[in-house]
Amino acid sequence: MGSRHDVGIGPSSSRTFMNAQFNPETIREDFAIFSTNPELIYLDSAATSQTPKQVTDSILNYYENFNANVHRTIYSIGNKATQAFESAREKVAKFIHAEKSKSVIFTKSATEAINLAAAAWGRKHLSAGDEILITEMEHHSNIVPWQLTAEVTGADLKYIPITEDGELEKWENHISDKTKIVAVTHQSNVFGTVNPIKEIVEKAHSVGAVVLVDAAQSVPHSQVDVQDLGCDFFAFSGHKMLGPTGVGVLFGKPELLEEMDPFLGGGEMIKTVNMETSTWNDIPHKFEAGTPNIAQAIGLGTAVDYLNNMGMENVHAHEQDLLQYAVDILSNISGITLYGNPQNRGGVVSFNVEDIHPHDVAQFLDNDGIAVRAGHHCAQPIMKRLGVSATCRASVYLYNTKNEIDRLASSLEKIKSVFA
Amino acid sequence: MQDIRELYQEVILDHNQNPRNFGPLESSNSDAEGVNPLCGDHLKLHANLENDRIKDIHFEGSGCAIFKASSSIMTETTKGKTMLEAEALFQQFHVLVTTGEGEIEAMGKMAVMAGVYQYPARVKCASLAWHTLKNILNKSTATVTTE
């Protein structure tokens, strides 16, 4: 397991060339935040990414030129809004290589997307004796919804453990005839670990289980192909991939979505409403009750355009380059512990500085304009496994540079001297 | 931007590295526990109360420098005080870390926390020990959280 072509992510930095047009310095000019905050060194894109002007312009354009509700108006700006909203769905579907755009459901977040699947699929298919299999590597958003579903259905919640390096430990041993769904992260938000999804899907399908992939950390940073991965559900968020907050996506195989009952009830998701009962709209609308996040979906569509224009292979190669650089530099600073050393990894580095609490480290880094995350990263089972209460985490994106990593390193040296 | 050394004064760094009244307390007859679940700060307070006076007080736990220094200074400040005096100190401290106001000159070491209010995310680090003390003053055994 673990070769890069198997994980639906790639390509590896060794066989890519950097597109001559891919220049972080020029890219930064698209992001107003870097001109309004010239001192800012933003190393927290795994929490939320910055937003290019193209995206904010497209949202403004909707509000200023064709703001109207979708799917229900006769007038022309309403048609235009519907077209823009549905075109965003098409763009997102193509971006993840979904066969049909009706597989793409807009939610408010990746969290809501996972909750939708856990509730609507879980309640229909799970009962006492069944097993829900997740991993110790999960973000709370891929743990808690399954706890809720387990409680309602009586199914058992099981965990695949992780190794010291931050990889799944003998995951294949945990998939059995009892397993009905495997919910696993594509890329860890703490270690950057890229999990062997394709192989997990094959094994899960062989016992008749379905697979949900939490792709919040992978879709923004690599080429993904849901058909190649073979997964049944695939959840991610807009604001981590240059889009606005308030929009997430659940991809689901059409046949699964069609047999599921609705998650939320309201307008838009119905065909007919009688006093006692109603009939459901077709997918994806069945799962989009109420006026949807029109502006946010349009913004996400523009973010997809922006990333396509940059080339995901270039984005990925650039981040691999920065990751290697950061790991090399940070591991050479005495007193710094790096957590996890997975074979396949995205642009995330978790670390601590000896005898200094991560919140103190992050406060001093902030004083030098450097934004990193400090805390448990919504992954308390991982913190427990590492035996720490919190870590610092630096994460990179297409707008980061090696110079910023150098400044992180020199700021860390300075902090050590203050606490020495 | 404020000078970060107003937050991390020498006194704070000193109490972080050499916390006072740190560790278990044999004579303890009143204990309380506090956590900041989001940070992972964790605190145990042990007090020896005699005739409404805090005769001795110790703390144990782990967390950031602001948390540790504030806990250490809290034990130093309240040791020997009556429950009523400690309650008044709690009120002063609360105003200090949320507004930066108060009679700083008269506060003694507690005054090093005057910079905290400028860092809203850190107020809970500084406050945990005092909120947990409040449980001892109120003789409550519920775990305190400042989240």
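Letters A, B, ... mirror the listed sequences (proteins, then strands); counts begin at 1. Quantities reported herein were computed from a predicted structural model and do not represent experimental measurements.
At least one side-chain heavy atom of A:Ile382 sits under 4.5 Å from a side-chain heavy atom of A:Ile162. Taking the side chain as every heavy atom from C-beta outward, A:Leu322 and A:Tyr397 never approach each other to under 4.5 Å. The shortest side-chain heavy-atom distance between A:Val348 and A:Val190 does not fall under the 4.5 Å cut-off.
When the heavy atoms of residues 66-87 of chain B are compared with those of chain A, the residues falling under 4.5 Å are B:Ile66, listed by number.
Side-chain contact of B:Asp31 with B:His46: a donor-acceptor pair under 3.5 Å is present, judged by distance alone. A:Lys416 and A:Ser334 share a donor-acceptor pair across their side chains, judged by distance under 3.5 Å alone. With no hydrogens or angles considered, a side-chain donor-acceptor pair links A:Thr391 and A:His377 at under 3.5 Å.
Heavy-atom distances place both the backbone and the side chain of A:Gln363 under 4.5 Å from chain B. For A:Ala420, the part lying under 4.5 angstrom from a heavy atom of chain B is the backbone only. For A:Val361, no part sits under 4.5 Å from any heavy atom of chain B, backbone or side chain.
Looking only at heavy-atom pairs under 4.5 Å with chain B, the residue among A:Met383, A:His376, A:Gln380 that has the most is A:His376.
Within 6.0 Å of NE2 in B:His94 there are 12 or fewer heavy atoms belonging to other residues, nucleotides or ligands.
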When you look at A:Asp165 and A:Arg345, which way does the salt bridge (Lys or Arg N to Asp or Glu O under 4.0 Å) test go after all the steps?
CA-CA 11 Å; A:Asp165 280 341; A:Arg345 180 177 192 175; over 6 Å; no
